*Asks:* 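Structure provided below as structure tokens; questions to follow.
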Amino acid sequence: MSLTGKYDQQNIFAKILRDEIPAAKVYEDDHILSFMDAFPQSPCHTLVIPKQPSRNLFDTDPQQLLAVMTGVQKIAHAVEKAFSPDGIIITQFNGEAAGQTVFHLHFHIIPKFSELTMQRHGRGQIADMQVLRKQAEKISAAL
Ligand code: AMP
């Protein structure tokens with residue numbers, strides 16, 4: 001699968017953007033959407049995506065990337081304020097070989113709590129939507 005292949009309108013994040021499937025939304029503006037990862041590697045694992053379609057970093061418009069990165073910083077500040085983790089890991093994967101599983105650009109904001117073992121990328125268990133919605137509300141309130 002090429003890093004700059006065709007964008008698939010049926011990918012799961014495109015469906016979330018079209019409100020075809022539910023998500024625990026944290027924040028939304030003209031350029032970005034943030035919501036809770038449904039299979040968190042750590043509690044309060046949050047995602048930030050651009051609204052404009054792109055598969056990954058390599059086919060993203062630079063202006064959109066600026067908006068996404070500004071959003072990542074903004075949401076990461078709110079996650080820090082809401083949950084006081086000991087650290088925050090920010091990741092982004094390009095291409096299947098690198099571990100990317102959803103082909104719509106996204107950044108992971110993963111709080112690290114010293115007393116908890118983090119799940120490996122792609123190994124998280126499905127989370128309860130009610131729990132995710134409560135976490136999303138808390139992050140929104142900290143924005
Ligand atoms: P990546 O493997 O970097 O492409 O990340 C995709 C992320 O999307 C993973 O962390 C998944 O847990 C997450 N994910 C998959 N399906 C959903 C969904 N329906 N809602 C929220 N997050 C999802």
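In listed order, ligands and their atoms are each counted from 1. Just so it is clear, the model here is predicted, and its values are computed rather than measured.
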*Asks:* In the protein, what heavy atom is nearest to atom 4 (O) of ligand 1, and what distance, to one decimal place, separates them?
*Replies:*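 Answer, as residue, atom name and distance: Thr101 N, 2.7 Å.
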
*Asks:* Counting the benzene-type ring for Trp, do His106 and His104 have ring centres under 6.0 Å apart?
*Replies:* no

*Asks:* Between Phe113 and Phe83 (judged by ring centroids, cut-off 6.0 Å), do the two rings come close enough to count as a pair?
*Replies:* no

*Asks:* Heavy atoms only, cut-off 4.0 Å: how does Ile16 contact ligand 1, side chain, backbone, both, or neither?
*Replies:* side chain

*Asks:* Within a distance under 4.0 Å of any heavy atom of Met36, pick out the atoms of ligand 1 and give their elements.
*Replies:*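 Selected atoms, number and element: 21 (C).
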
*Asks:* Got the closest protein heavy atom to atom 22 (N) of ligand 1, with its distance?
*Replies:* Ala38 N, 3.2 Å

*Asks:* Ignoring hydrogens, what is the shortest heavy-atom contact between Leu143 and Ala78? Give both atom names and the distance.
*Replies:*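 Distance-wise, the nearest heavy atoms are CD2-CB, 3.7 Å.
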
*Asks:* If you draw a 6.0 Å radius around CZ in Arg18, do more than 12 non-hydrogen atoms from other residues or ligands fall strictly inside?
*Replies:* yes

*Asks:* Is there a donor-acceptor pair under 3.5 Å between the side chain of Ser42 and the backbone N or O of Met118?
*Replies:* no

*Asks:* So among Val48, Ile90, Thr70, Leu47, which one has a side-chain contact (heavy atoms from CB on, under 4.5 Å) with Ile75?
*Replies:* Val48

*Asks:* Which of the atoms in ligand 1, numbered in the order shown and given with their element, are less than 4.0 Å from a heavy-atom of Gln100?
*Replies:* 4 (O)

*Asks:* Quick one: nearest non-hydrogen protein atom to atom 16 (N) of ligand 1, plus distance?
*Replies:*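 For atom 16 (N) of ligand 1, the nearest protein heavy atom is Phe39 CE1, 3.8 Å.
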
*Asks:* Give yes if a backbone or side-chain nitrogen or oxygen of Gly99 is under 3.5 Å from a nitrogen or oxygen of ligand 1, and no if not.
*Replies:*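 N/O-N/O distance below 3.5 Å exists for this pair.
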
*Asks:* Taking the basic N atoms (NZ, or NE/NH1/NH2) and the acidic carboxylate oxygens, is any pair closer than 4.0 Å for Lys25 and Asp19?
*Replies:* yes

*Asks:* Tell me if a side-chain donor or acceptor on Arg120 pairs with a main-chain N or O of Gln41 at a distance below 3.5 Å.
*Replies:*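 No; judged by distance alone, with no hydrogens or angles, the pair does not exist.
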
*Asks:* Checking the N or O distance criterion of under 3.5 Å, is ligand 1 in contact with Phe13?
*Replies:*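 In this structure, Phe13 places no N or O atom under 3.5 Å from an N or O of ligand 1.
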
*Asks:* If the contact criterion is a heavy-atom separation under 4.0 Å, does His121 count as touching ligand 1?
*Replies:*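 His121: in contact with ligand 1 (<4.0 Å).
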
*Asks:* Between Gln92 and ligand 1, which residue portion shows a heavy-atom distance shorter than 4.0 Å: side chain, backbone, both, or neither?
*Replies:*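 It is neither part, as no heavy atom is under 4.0 Å.
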
*Asks:* From the options His106, Gln41, Gln119, select the one whose nearest heavy atom is closest to atom 1 (P) of ligand 1.
*Replies:*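 Result: the heavy atom closest to atom 1 (P) of ligand 1 is in His106.
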
*Asks:* How far is atom 19 (N) of ligand 1 from its nearest protein heavy atom, and which residue and atom is that?
*Replies:*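 Minimum-distance protein heavy atom for atom 19 (N) of ligand 1 reads Ile12 CG1, 3.8 Å.
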
*Asks:* For the side chain of Asp37 and the backbone of His45, is there at least one donor-acceptor N/O pair under 3.5 Å apart?
*Replies:* no

*Asks:* Can you tell me if Asn56 uses its side chain to pair, donor with acceptor, with the backbone of Leu3 under 3.5 Å?
*Replies:*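 Looks like yes, one N/O pair under 3.5 Å.
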
*Asks:* I'd like to check which ligand 1 atoms, numbered from 1 as shown, lie under 4.0 Å from a non-hydrogen atom of Phe35.
*Replies:*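 That gives atoms 21 (C) of ligand 1.
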
*Asks:* What protein heavy atom lies closest to atom 7 (C) of ligand 1? Include the residue and the distance to one decimal.
*Replies:*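 Ranked first by proximity to atom 7 (C) of ligand 1 is Asp37 OD2, 3.5 Å.
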
*Asks:* Taking distance alone, with no angle check, do His108 and ligand 1 share an N/O pair under 3.5 Å?
*Replies:*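 Right, the criterion is met.
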
